Amino acid sequence: MATVLISGLGLIGSSIARMIKQDHRELTIIGSDPDDETAQFLLNHQLIDRRQTFSEAAPLADFIILAGPVSVILEQINVLATLSLKSDVLVTDVGSTKETIMKTANQLIQNDINFIGGHPMAGSDRSGSRFGSSELFNNATYFIVGQTKNNRKLAQFQQLLSKAAIHWQPISSSSHDQLVCELSHLPHVIATTLVNTAVDDLEGEPLGLRAAAGGFKDTTRIAAADPTMWTAIMMNNTDRINQSLTQFQQHLAQFQKALTAHDESTIKQFLKRARTSRKSVDERK
Ligand SMILES: NC(=O)c1ccc[n+]([C@@H]2O[C@H](COP(=O)([O-])OP(=O)(O)OC[C@H]3O[C@@H](n4cnc5c(N)ncnc54)[C@H](O)[C@@H]3O)[C@@H](O)[C@H]2O)c1
Ligand SMILES: O=C(O)C(=O)C[C@]1(C(=O)O)C=C[C@@H](O)C=C1
């Protein structure tokens with residue numbers, strides 16, 4: 001029977017363990033995570049069969065799923081390059097950026113190790129195994145990057161998550177990083193900036209953030225996410241986020257110009273355009 005190693009047992013890693021255990025109890029899942037409480041939680045809930053260190057477990061695995069922060073995924077790819085892995089192992093990751101990961105994984109691919117980059121476009125502002133769910137990827141897009149030398153193995157991996165009705169989406173690493181820059185990384189910077197701005201501007205105001213209703217809460221929910229995970233993302237898509245911020249500042253300047261000029265029709269046009277596009281996001285699914 002196949003052995004799956006999941007390294008990183010937080011929100012995403014534990015959700016994958018839940019999906020696999022629901023449908024494929026015959027598989028052995030080895031979990032690897034430096035956090036004792038996290039590993040114990042998965043053992044207690046029978047979401048992993050045993051805990052082992054990454055270097056011990058990797059040579060035993062048929063599937064290796066790297067689910068730590070992007071910085072850890074990069075380190076672990078370098079470690080995998082020094083280990084003797086099964087010849088038909090599939091190594092994949094769930095990191096939110098793909099270009100630096102695919103560049104680093106090239107050393108595995110050159111050595112005939114089957115590596116496919118992955119990124120489920122589903123998650124939460126909450127981190128940790130307690131918030132994982134077997135439903136997390138339901139109907140979500142799941143990007144896959146790179147060529148597999150073994151289509152059957154990739155199909156088997158996809159089968160492990162088949163409960164979730166995932167939309168598998170092949171994409172190049174650069175298109176991926178550009179797309180998620182706009183749809184995830186820039187929004188994250190803006191949400192955190194909004195919160196920091198409100199905190200500074202409302203200093204001394206007795207009600208402060210406690211008075212916030214849906215508008216502030218919806219636009220800033222992701223600002224509550226884990227800084228370690230997000231710092232690693234920012235460090236691995238820096239140039240694109242930088243460029244998007246420049247464009248964002250230009251849009252903001254246009255709006256501010258219209259506001260300063262009391263240009264009612266431009267302001268309304270700006271709002272109308274966004275409204276139409278935003279409504280279409282929910283209609284698409
Ligand atoms: N949170 C999201 O919404 C989301 C969505 C899609 C993809 N991702 C990506 O998934 C990955 C995991 O994110 P998450 O939300 O599950 O984070 P998380 O904080 O919930 O879990 C990360 C886990 O990695 C563990 N870890 C840290 N160092 C490790 C090491 N050296 N070896 C093994 N495990 C280690 C931590 O102890 C923790 O349990 C990240 O790369 C992130 O970019 C996150
Ligand atoms: O918080 C959520 O709802 C998410 O789906 C999180 C989110 C996102 O920015 O959309 C965060 C990082 C990912 O790589 C993918 C998804």
Side-chain angles (χ1 to χ4, degrees), residues 5-19 30-43 47-48 51-58 64-80 92-101 104 117-133 135-145 161 164 166 169 171 176-177 179-192 217-237 241 281 285:
L5 164 62
I6 305 178
S7 176
L9 301 171
L11 178 84
I12 301 293
S14 76
S15 297
I16 291 176
R18 285 171 168 94
M19 283 173 227
I30 308 177
S32 175
D33 196 300
D35 188 67
D36 293 339
E37 215 179 294
T38 296
Q40 198 53 51
F41 178 86
L42 273 97
L43 282 167
L47 296 173
I48 57 173
R51 180 191 188 190
Q52 254 178 301
T53 67
F54 183 71
S55 300
E56 266 171 17
I64 300 177
I65 303 170
L66 306 177
V70 171
S71 48
V72 172
I73 294 171
L74 292 169
E75 281 166 27
Q76 289 183 331
I77 292 171
N78 287 328
V79 172
L80 288 176
T92 187
D93 78 295
V94 300
S96 302
T97 65
K98 289 276 77 70
E99 210 164 50
T100 55
I101 287 177
T104 308
H119 179 199
M121 280 300 280
S124 170
D125 49 298
R126 299 178 181 215
S127 53
S129 52
R130 281 181 170 68
F131 298 104
S133 158
E135 318 264 288
L136 190 66
F137 300 170
N138 277 0
N139 296 314
T141 295
Y142 195 129
F143 290 117
I144 45 173
V145 180
L161 308 183
I166 287 167
Q169 181 64 56
I171 193 168
H176 170 275
D177 284 9
L179 193 59
V180 296
C181 174
E182 291 297 333
L183 299 180
S184 175
H185 306 170
L186 179 68
H188 202 82
V189 178
I190 295 166
T192 52
K217 288 181 183 173
D218 288 350
T219 45
T220 61
R221 175 182 60 82
I222 46 176
D226 179 43
T228 302
M229 171 188 135
W230 276 99
T231 301
I233 293 173
M234 301 298 162
M235 300 301 286
N236 280 278
N237 205 12
I241 297 170
V281 175
K285 289 241 161 163

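Read the numbers this way: they start at 1 and go in the same order the structure lists the ligands and their atoms. A quick note: this is a predicted structure, and the numbers were derived from the prediction, not measured.
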Using a strict 4.0 Å cut-off to heavy atoms of [X], name the atoms of ligand 1 that fall inside it.
{"X": "P34", "answer": "26 (N), 28 (N), 29 (C), 30 (C), 32 (N), 33 (C), 34 (N), 35 (C)"}
{"X": "V94", "answer": "7 (C), 8 (N), 9 (C), 10 (O), 11 (C)"}
{"X": "I73", "answer": "41 (O)"}
{"X": "S7", "answer": "32 (N), 33 (C)"}
{"X": "H119", "answer": "6 (C), 7 (C)"}
{"X": "S127", "answer": "18 (P), 19 (O), 20 (O)"}
{"X": "G123", "answer": "2 (C), 3 (O)"}
{"X": "P120", "answer": "6 (C)"}

Taking all heavy atoms of [X] and all of [Y], pick out the closest pair and write down the distance.
{"X": "S14", "Y": "G132", "answer": "OG-CA, 3.6 Å"}
{"X": "S133", "Y": "S15", "answer": "N-OG, 3.0 Å"}
{"X": "S129", "Y": "L9", "answer": "CB-O, 3.2 Å"}
{"X": "T231", "Y": "P227", "answer": "OG1-O, 2.6 Å"}
{"X": "M19", "Y": "A164", "answer": "SD-CB, 4.3 Å"}

Can you tell if the side chain of [X] reaches within under 4.5 Å of the side chain of [Y], non-hydrogen atoms only?
{"X": "F137", "Y": "I16", "result": "yes"}
{"X": "L161", "Y": "Y142", "result": "yes"}
{"X": "R51", "Y": "D36", "result": "yes"}

* Asked: Is there a heavy atom in M121 that sits closer than 4.0 Å to ligand 1?
  -> no
* May I ask whether S129 has any heavy atom positioned less than 4.0 angstrom from an atom of ligand 1? => no
Nearest-option assignment for [atom], heavy atoms, candidates [options]:
{"atom": "atom 5 (C) of ligand 1", "options": "A122, S124, A232", "result": "A122"}
{"atom": "atom 28 (N) of ligand 1", "options": "V72, T228, L42", "result": "V72"}
{"atom": "atom 27 (C) of ligand 1", "options": "P69, G68, S32", "result": "P69"}

In the protein, which heavy atom is nearest to [atom], and how far is it?
{"atom": "atom 12 (C) of ligand 1", "answer": "A67 O, 3.2 Å"}
{"atom": "atom 21 (O) of ligand 1", "answer": "G10 CA, 3.2 Å"}
{"atom": "atom 32 (N) of ligand 1", "answer": "Q76 NE2, 3.2 Å"}
{"atom": "atom 2 (C) of ligand 1", "answer": "M229 CE, 3.7 Å"}

May I ask you to check whether [X] has an N/O atom sitting below 3.5 Å from an N/O atom of ligand 1?
{"X": "T38", "value": "no"}
{"X": "D33", "value": "yes"}
{"X": "G128", "value": "yes"}
{"X": "I12", "value": "yes"}
{"X": "L11", "value": "yes"}
{"X": "S96", "value": "yes"}

* Asked: Quick one: salt bridge (charged side-chain N to carboxylate O under 4.0 Å, His left out) partners of R221, sequence neighbours excluded?
  -> D125
Please report, to 0.1 Å, the donor-acceptor pairs under 3.5 Å made by any side chain of residues 65-77, with sequence neighbours excluded.
from	atom 1	to	atom 2	distance (Å)
Q76	OE1	S7	OG	3.2
Q76	NE2	S7	OG	2.9

* Asked: Taking it one step at a time, do N237 and T97 satisfy side-chain hydrogen bond (donor to acceptor under 3.5 Å, both in side chains)?
  -> CA-CA 7 Å; N237 205 12; T97 65; over 6 Å; no
* Asked: Can you name the residues that come within less than 4.0 Å of ligand 2, going by heavy atoms only?
  -> S96, H119, A122, G123, S124, D125, S184, R221, I222, W230
* **Distance (rounded to the nearest 0.5 Å) between I222 CD1 and S124 OG** => 11.0 Å
* **Carboxylate-amine/guanidinium proximity below 4.0 Å for D93 and K98** => yes
* Could you pull out all residues at least two apart from F54 that satisfy ring pair (Phe, Tyr, Trp, His ring centres under 6.0 Å)? => none
* **Ring geometry between H119 and F143 (parallel below 30°, tilted from 30 to 60°, perpendicular above 60°)** => tilted
* **Side chain R126, main chain A225, donor-acceptor under 3.5 Å** => no
* So, does D226 use its side chain to make a donor-acceptor pair with the main chain of S127 at under 3.5 Å? -> no
